[in-house]
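All remarks here apply to the structure that follows.
Fair warning: this is a prediction, and the values are worked out from it, not measured in the lab.
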Amino acid sequence: MVQQTEAIAPDTQHETPQEVVKSLRDHGALPQWRLMWRQFRRHRLALIGLIVLIPIYFIAVFAGFFAPSSADTAHTALPYAPPQRVHVSAEHGMFVYGYSSTRNQETFEQTFTVDKSKIVDVGWFVRGDQYSILGPIKSNIHLIGPTKAGEAFFLVGADQSGRDLLSRLIHGARVSLSIGLVGVFASFLLGMMIGGISGYVGGRVDNIIQRIIEFIMSVPTLPLWMALSAALPGSWGPLTRYFAITVILSLIGWTGLARDVRGRFLSLREEDFVMAARLDGVGRTGIIFGHMVPSFASHIIASISMAVPRMILAETSLSFLGLGLQPPAVSWGVLLEGAQNIRAVATAPWLLTPGLAVVVVVLAMNFVGDGLRDAADPYK
């Protein structure tokens, strides 16, 4: 038994650590995904980014449960109401105080004062506004909220219409985060297909495709977004406009990936394994997707992870300028559009909370992208 173990174990006396790891993988001890995960774990910022993103996406998927109320529930008597502080007492348990508002007759400025005679009881897993869970399933259970449905409860403050900003922030996360994933997936398909054809076929086809890519990349991004968004009919509903914005972002975002794929195909199409596949009678599609694409799949994963935050920023920018999603749709860009009023921001700085959410998510995604890029080559 000992002799067999010595025959299988690699000679590690004169090998570098990278060669040892590769030798262990060749002997079946460490599969590729474990090597990539080991390399990814060494990137501390990437791990922190992953820890931040997982709960954010989980909350976005089940937004109706985590949000204290629906995105459209409004308390018109409490516009720009400040955040409420949660108190705990033996008599009432968890509760917040209500507000009394007065309006200055000269400046028409509305001021809020805490009214300790108005007590709003707060609880966990309370019943409130109805929402859908992943489509047809209906529920009205919320993680936290007022025990009496319909009472004002503003943990992060209210917007200009008296709607809970925290609830709108959570509901907006579903749109802003999903539009990045859907847009990148569409860009990935376009970039892989067009870049693969350009790099593998070459010649006149490659020249035509590269000139088209150069033309698209030479047009300033923001004016191009504005022109395409302005061309959308104003009669379209929020859902139709959502898919239209996703298509617009995909039509612009595929050029960079196509260039990367084309460069990889140019370097791989003369490799021995590609030539062997041709001699073995494998068709063009089989060579591209069965042999060439898997050889740099890790690079593609890293590129996609870096493209998602760009898509989120693009949607936020369009909606902030009033050219993307429009109310009643809720996204982080739509929420930031309400913070364009300097006077409103001066009196209600909590309206900038969606901007903080965008910064946190984009930074976390960039950290994860850096980690995936380093993990793409575990022998590095």
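- Relative orientation of the Tyr97 and Phe95 rings is perpendicular, given thresholds of 30° and 60° on the angle between their planes.
- When all heavy atoms are compared, the tightest approach of Ala258 to Ile213 is CB-CD1, 3.9 Å.
- Here the options are Val308, Asn366, Leu53, Leu356, the test is side chain to side chain contact (heavy atoms under 4.5 Å, CB included), and the partner is Val361; only Leu53 passes.
- No donor-acceptor distance shorter than 3.5 angstrom exists from the side chain of Ser198 to the backbone of Ile194, with no hydrogens or angles considered.
- Between the Ser161 side chain and the Arg163 main chain, no donor and acceptor come within less than 3.5 Å of each other.
- Side-chain atoms of Ser178 come within 3.5 Å of backbone atoms of Val175 as a donor-acceptor pair (strictly under, hydrogens ignored).
- Residues Val359 and Ile51 fall into different hydrophobic clusters, defined by Ile, Leu, Val, Met, Phe, Trp and Tyr side chains chained together at heavy-atom separations under 4.5 Å.
- The shortest distance between side-chain heavy atoms of His142 and Asp129 falls below 4.5 Å.
- One N or O on the side chain of Trp332 and one on the backbone of Leu169 form a donor-acceptor pair closer than 3.5 Å.
- Not a single donor-acceptor pair under 3.5 Å links the side chain of Thr246 to the backbone N or O of Val182.
- Enclosure of atom CZ in Arg211 by more than 12 non-hydrogen atoms of other residues, nucleotides or ligands within 6.0 angstrom is indicated.
- Remark: the backbone N or O of Ser70 is not paired with any side-chain donor or acceptor of Ser167 at under 3.5 angstrom.
- Of all heavy-atom pairs between Ile170 and Phe66, the closest is CD1-O, 3.7 Å.
- Residues Ile216 and Trp254 meet the side-chain proximity criterion, which asks for heavy atoms closer than 4.5 Å.
- Sparse packing is recorded around CZ of Arg127, with 12 or fewer heavy atoms of other residues, nucleotides or ligands lying under 6.0 Å away.
- Of all non-hydrogen atoms in Ala71 and Val330, the two that sit nearest each other are CB-CG2, 3.9 Å.
- In terms of heavy-atom proximity, Arg41 sits nearest to Leu47 at O-CD1, 3.3 Å.
- In terms of heavy-atom proximity, Ser331 sits nearest to Ser176 at CB-OG, 3.5 Å.
- Other residues, nucleotides and ligands contribute over 12 non-hydrogen atoms within 6.0 Å of the CZ atom of Phe273.
- Looking only at distances, no side-chain donor or acceptor of Tyr99 sits under 3.5 Å from a matching main-chain atom of Thr111.
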